[in-house]
Number of protein chains: 2
Amino acid sequence: MSPNLSVAEENYIKSIYHLQQDAESVTTNALADHIKTKPASVTDMLKKLQLKNLLNYNPYKGFRLSKEGNKAALNIIRRHRLWEYFLVNQLQFNWDEVHDVAEQLEHVISRKLVDKLDAFLGYPKFDPHGDPIPDGNGKINYQQQMPLINLPLNTAAIITSVQNQSSDLLAFLSNRDMHIGTKVEVKQKLNFDNSLEVKIKNKQSFHVSEQVANAIQVNPL
Amino acid sequence: MSPNLSVAEENYIKSIYHLQQDAESVTTNALADHIKTKPASVTDMLKKLQLKNLLNYNPYKGFRLSKEGNKAALNIIRRHRLWEYFLVNQLQFNWDEVHDVAEQLEHVISRKLVDKLDAFLGYPKFDPHGDPIPDGNGKINYQQQMPLINLPLNTAAIITSVQNQSSDLLAFLSNRDMHIGTKVEVKQKLNFDNSLEVKIKNKQSFHVSEQVANAIQVNPL
DNA sequence: ATTTATTTTTAGACAAACCTAAAAAAAATT
DNA sequence: AATTTTTTTTAGGTTTGTCTAAAAATAAAT
């Protein structure tokens with residue numbers, strides 16, 4: 001059923017999965033960019049994945065993961081997020097330090113390992129960045145959430161996730177005491193650069209750029 | 001200082017380390033056998049490791065790890081054994097199930113990960129098979145031990161390690177209640193096949209083949 | 001001390017995953 | 001609708017780590 005995948009193949013599948021979340025179909029250049037390789041290399045790999053029935057590929061038109069490819073992606077994401085949870089909650093890593101290590105750990109292939117890790121961690125539902133962890137059958141529960149930048153003014157909301165793995169950004173958020181679960185409110189929207197004036201708890205309000213406000217996902221109370 | 005090593009290179013280094021424990025120098029064929037590859041492939045890799053100053057290589061004569069190669073090996077072994085300890089003591093794997101997974105985990109490269117794992121586990125000194133875990137500086141403390149087959153008759157001894165990762169053998173030992181720390185005594189040596197009659201605790205004595213008796217290491221009380 | 005057998009190395013190929021440069025297809029512009 | 005630009009694919013090369021077959025070196029046996 002599930003064929004053995006190389007690390008390279010897994011990385012392609014994972015990237016395609018993420019890219020196709022916000023688009024009908026994925027393009028060669030977008031994937032090349034995302035995976036930091038050249039378009040020609042992407043084309044090579046697309047053919048390979050197509051041949052393995054992991055991809056629906058229309059030359060020159062774009063591509064999406066097949067049903068089977070999707071399942072494979074969710075498996076990789078499951079491993080990645082469980083390891084991130086382990087690193088933060090057991091090994092005391094900061095949430096801005098875990099991404100690169102989890103990128104390696106996710107390629108360790110053992111169903112038993114993943115299931116036992118899951119049990120050991122107490123079947124967590126979300127990783128340290130607030131992203132949902134797929135279960136052993138590839139079922140994933142997306143949260144209802146919106147980017148902070150779309151939150152109406154003076155409306156209390158809870159930070160549910162951060163859609164950016166940059167350790168600089170994550171450290172910046174920690175520094176401002178913005179974590180998953182933190183209550184926020186937007187006090188002001190500055191139109192010339194789309195930045196926000198944000199307030200949490202009883203602290204003084206502070207400034208947040210458009211990029212950051214796009215990465216922070218919230219759920220209004 | 002320490003160059004980045006591929007998984008293949010790490011596997012060669014680890015195998016050479018183990019082979020040179022019981023020999024002056026290692027031969028191409030022995031390594032090819034151990035690593036399940038062909039002698040020609042070994043020769044190729046030897047040249048590469050020599051070039052990276054990890055190996056002292058005399059064509060046609062044999063080879064040993066250099067000082068730097070040894071350090072690299074101990075690092076790999078440290079990672080392998082810490083993960084084995086984690087799998088058994090945290091994730092509840094049996095000692096006969098951990099080898100293959102640890103073979104994958106040992107190639108995850110992050111100094112911080114290894115050190116935090118070590119701390120999380122409480123700086124264990126021995127892995128589940130009784131082998132010593134090198135510290136962060138590559139220092140390793142070998143135990144005083146001898147193969148069970150050399151233990152004099154009717155002399156109580158403690159099992160200190162098992163020098164064989166075969167899951168069949170390990171499951172066999174578990175089944176006979178022979179674990180690290182178990183007290184054993186040899187009741188009889190059968191000369192026609194070098195097998196032993198062994199007794200533990202107040203259980204009935206049982207039979208152990210030459211191969212098994214060679215793998216079990218003990219320390220007389 | 002030759003000859004024979006074994007071990008090791010060299011030579012040349014192959015697959016995976018990448019690359020650059022050129023060609024082909026699709027999209028955008030005039 | 002024809003031309004230009006952009007995107008994508010093809011063609012051919014490189015590196016890593018493997019292989020087989022043949023050659024060279026060493027070891028063993030007569």
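Chain letters run A, B, ... following the sequence lines, proteins first, then strands; residues in each count from 1.
- Contacts classified as salt bridge (Lys or Arg N to Asp or Glu O under 4.0 Å) and involving residues 116-131 of chain B (residues at least two apart or in different chains) are given here: B:Arg78-B:Asp118, B:Arg81-B:Asp127.
- Here the options are A:Leu117, A:Asp115, A:Leu113, A:Leu87, the test is side-chain contact (heavy atoms from CB on, under 4.5 Å), and the partner is A:Leu82; only A:Leu117 passes.
- B:Pro147 pairs by the side-chain contact (heavy atoms from CB on, under 4.5 Å) definition with B:Ile149, B:Asn150, B:Asn214, B:Gln217, not counting sequence neighbours.
- Heavy atoms of B:Tyr57 sit under 4.0 angstrom from primed sugar atoms or phosphate atoms, though from no base atom.
- One interatomic measurement links the two molecules: CD of A:Glu10 to C1' of C:dA16, which rounds to 15 Å at whole-angstrom precision.
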Between the protein and nucleotides 22-28 of chain C, which nitrogen or oxygen pairs come in under 3.5 angstrom?
none

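- In this structure, CG of B:Leu46 is placed 14 Å from C1' of D:dT18, rounded to the nearest angstrom.
- Of all the residues in residues 23-38 of chain A, A:Thr37, A:Lys38 reach under 4.0 Å from DNA chain C with at least one non-hydrogen atom.
- Taking the ring pair (Phe, Tyr, Trp, His ring centres under 6.0 Å) definition, one finds that A:Phe63 meets it with nothing, sequence neighbours left out.
- The backbone N or O of A:Ser166 sits less than 3.5 Å from a side-chain atom of A:Asn164, completing a donor-acceptor pair.
- Remark on the helix from C:dA1-D:dT30 to C:dT30-D:dA1: inter-end axis angle 10°, axes from five-pair C1' superpositions, rounded to 10°.
- Every residue meeting the side-chain contact (heavy atoms from CB on, under 4.5 Å) condition with B:His207, not counting sequence neighbours, appears here in chain and number order: B:Leu190, B:Asp193, B:Ser195, B:Glu197.
- Pairs passing the side-chain hydrogen bond (donor to acceptor under 3.5 Å, both in side chains) check and including a residue from residues 49-61 of chain A, sequence neighbours excluded, read A:Glu9-A:Lys52.
- When each of A:Asp96, A:Asn94, A:Asp100 is tested with A:Ser167 by the rule side-chain contact (heavy atoms from CB on, under 4.5 Å), just one qualifies, namely A:Asp96.
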Extract all donor-acceptor atom pairs below 3.5 Å that involve side chains of residues 16-29 of chain A and protein atoms in other chains or at least two apart in sequence.
{"unit_1": "A:Tyr17", "atom_1": "OH", "unit_2": "A:Tyr142", "atom_2": "OH", "d": "2.4"}
{"unit_1": "A:Gln20", "atom_1": "OE1", "unit_2": "A:Leu65", "atom_2": "N", "d": "3.0"}
{"unit_1": "A:Gln21", "atom_1": "NE2", "unit_2": "A:Tyr142", "atom_2": "OH", "d": "3.2"}
{"unit_1": "A:Thr27", "atom_1": "OG1", "unit_2": "A:Ala30", "atom_2": "N", "d": "3.2"}

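- Regarding A:Leu49, its CG atom lies at a distance of 9 Å from the P atom of C:dA17, rounded to whole Å.
- Although no hydrogens or angles enter the test, the distance criterion places no donor-acceptor pair under 3.5 Å between the side chain of A:Glu106 and the main chain of A:Glu10.
- Partners of B:Tyr12 according to the ring pair (Phe, Tyr, Trp, His ring centres under 6.0 Å) rule, which considers only residues two or more places apart in sequence or in another chain, do not exist here.
- Here B:Ser41 does not reach the OP1 or OP2 of D:dT18: none of its side-chain N or O atoms lies under 4.0 Å away.
- No donor-acceptor pair under 3.5 Å is formed between the side chain of B:Asn137 and the backbone N or O of B:Lys139.
- Residues forming a ring pair (Phe, Tyr, Trp, His ring centres under 6.0 Å) with A:His99 (at least two apart in sequence, or on another chain): A:His80.
- The distance between atom CG of A:Asn58 and atom P of D:dT9, rounded to the nearest whole Å, is 10 Å.
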Between protein and nucleic acid, restricted to nucleotides 12-17 of chain D and to nitrogen or oxygen atoms under 3.5 Å apart, what atom pairs and distances do you find?
{"unit_1": "D:dG17", "atom_1": "OP1", "unit_2": "B:Ser6", "atom_2": "OG", "d": "2.4"}
{"unit_1": "D:dG17", "atom_1": "OP2", "unit_2": "B:Lys48", "atom_2": "NZ", "d": "2.4"}

